[in-house]
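Data first, discussion second: the structure below is written as structure tokens.
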2 protein chains.
Amino acid sequence: MNTKSPTEPKFRRRAEARPDEVLDAALSLFTEKGYARTTVDQVAKRAGFSKGTVYLYFASKEAILEGLVQRTVEPIAEAAFETMTDYRGDPRPVLAQFLRAMAQALADSKTRAVVMIILQEAPAAPNISALFRKAVLGRALPAVTALLAQGVAGGHIRAIDPELTARSVLGPVIGHLLLSEIFRIRPEGGLQMDRLVENHLTLLFAGLEPDTGGAP
Amino acid sequence: MNTKSPTEPKFRRRAEARPDEVLDAALSLFTEKGYARTTVDQVAKRAGFSKGTVYLYFASKEAILEGLVQRTVEPIAEAAFETMTDYRGDPRPVLAQFLRAMAQALADSKTRAVVMIILQEAPAAPNISALFRKAVLGRALPAVTALLAQGVAGGHIRAIDPELTARSVLGPVIGHLLLSEIFRIRPEGGLQMDRLVENHLTLLFAGLEPDTGGAP
DNA sequence: AATTACAAACTGACCGGTCAGTTAGTAGCA
DNA sequence: TGCTACTAACTGACCGGTCAGTTTGTAATT
């Protein structure tokens, strides 16, 4: 990530830009070594100034993490979820739209990195967990569940459990992300989140097809 | 698990039990507060003795973590994967067997806890990551992929991408685990991994049904 | 007596957070 | 234009505390 060319003047005097510079530096370091193993001094150094300055803009190390999550998660959360809530009809087109949007968001490596940091730190940092739950999960899961329930009720899809099926809709994307980011296990040629989603959608849509009495 | 080799020690004090006691204590603390925020002293205290003793049996704090992963993961890894490799025919019964075994393994809260710790620490601890990859993922994924490929080739299932579909098979289970353990989002009445797997299997099996020209 | 198993005290490095002091920029004045 | 006075931005040494890992002494066992 950036880090600014070494020819920059020593004093920059642009207080408004500082918080974002801290967050950028923190993101790259947290990604490399994890939150716990990164020191505030390292963050400051990478951002191009000293530790004291960091504390002019963030109250604590954890506040940096919170800022990072907020900056990444909020715009994504705002962009979605409204279409789904009152939809009536076959849920599949909406699911496709949703999963493709998700794939697109996760195509950005910064977003991916923040999501990974959240997954790693959430168990030990309750406010991070709460933030993500409130902004993303608490909205996405009920939306998908309601969409599926409505589809079942209307006979558009097979009679499955909507709440559990929501996991079958979203799980593969999360699993793919984890395999790739944590264990470096990914298809030849990179993450290919798009291809994963398309493959998943064919399978999922066929699976959701109402049972018309086919033979197993 | 357990050890307790009946052949070796006739005298000695109670030293043989120590490593497992350390691992048990470490597991509960790592689960509560995470690896980084747990001190070796706390592990020793919970196990009922002092820090120095821990270092009689483990070379470092990270070695404790490795021991924990090894103790949990190896028996699981050994128990499976062989059935799949040379199978010919409709892969669905084997997939069902596999997912149910996975659900059963994850029903044990200790196993679940270790898996979560792995997911959290793997990015920053390469040998943990490698251990799990070698013992579990590096075997499970190719096995499922090969099974699917064989099913496609034999016309038993829809022509999907086997490698990507492996994610659709396993992802929901992982996603369910994550939602429950990290964000405390779970169905009423607990984890219900069994019900998730059964619901997932209906959906998945219908989705894998070869396309015989049904209605969209 | 020799060995083993352990507790307790200790060491040294590290790190989050603070703060007294320094520097860069700017407004006012001549 | 040059000077003074002031402020916001920034630095880096430092402090208090923590913690992984080590050493030493001792009680029990053989």
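Per chain, numbering begins at 1; letters A, B, ... match sequence-line order. Keep in mind that what you see is a predicted model, and the values were worked out from it rather than measured.
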### Message
Whether Y57(A) contacts dA9(D) is assessed here as follows: a side-chain N or O lying under 4.0 Å from the phosphate OP1 or OP2. Is that the case?
### Response
no

### Task
List in chain and number order the residues that pass ring pair (Phe, Tyr, Trp, His ring centres under 6.0 Å) with F183(B), two or more places apart in sequence or in another chain; answer none if no residue qualifies.
F132(A)

Between the protein and nucleotides 14-17 of chain C, which nitrogen or oxygen pairs are less than 3.5 angstrom apart?
from    : atom 1 : to     : atom 2 : distance (Å)
dG16(C) : OP1    : T38(A) : O      : 3.4
dG16(C) : OP1    : K61(A) : NZ     : 3.2
dG16(C) : OP2    : V40(A) : N      : 3.0
dG16(C) : N7     : K51(A) : NZ     : 3.0
dG17(C) : OP2    : Y55(A) : OH     : 2.7
dG17(C) : OP2    : K61(A) : N      : 2.8
dG17(C) : N7     : K51(A) : NZ     : 2.7
dG17(C) : O6     : K51(A) : NZ     : 2.5

### Query
So, does Y87(A) use its side chain to make a donor-acceptor pair with the main chain of A146(A) at under 3.5 Å?
no

### Gap between atoms CG and C1', on L56(B) and dT3(C) respectively (whole Å)
14 Å

### Query
With respect to the phosphate group of dC6(C), does any side-chain polar atom (N or O) of T53(B) fall under 4.0 Å of OP1 or OP2?
no

Considering only distance and modelled atom types, tabulate donor-acceptor pairs under 3.5 Å from the side chains of residues 166-175 of chain A, sequence neighbours left out.
from    : atom 1 : to      : atom 2 : distance (Å)
R167(A) : NE     : H176(B) : ND1    : 3.2
R167(A) : NH1    : E163(A) : O      : 3.0
S168(A) : OG     : H200(B) : ND1    : 3.0

### Message
Expressed as a whole number of angstroms, how long is the span from F58(B):CZ to dA5(C):P?
### Response
15 Å

#### Entry: From Q42(A) atom CD to E32(A) atom CD, the distance as rounded to the nearest 0.5 Å
9.5 Å

#### Entry: Interatomic distance, K45(A) atom NZ to L29(A) atom CG [nearest 0.5 angstrom]
12.0 Å

### Task
Applying side chain to side chain contact (heavy atoms under 4.5 Å, CB included), run through R46(A) and V22(A) and close with a yes or a no.
CA-CA 8 Å; R46(A) 178 159 303 188; V22(A) 172; over 6 Å; no

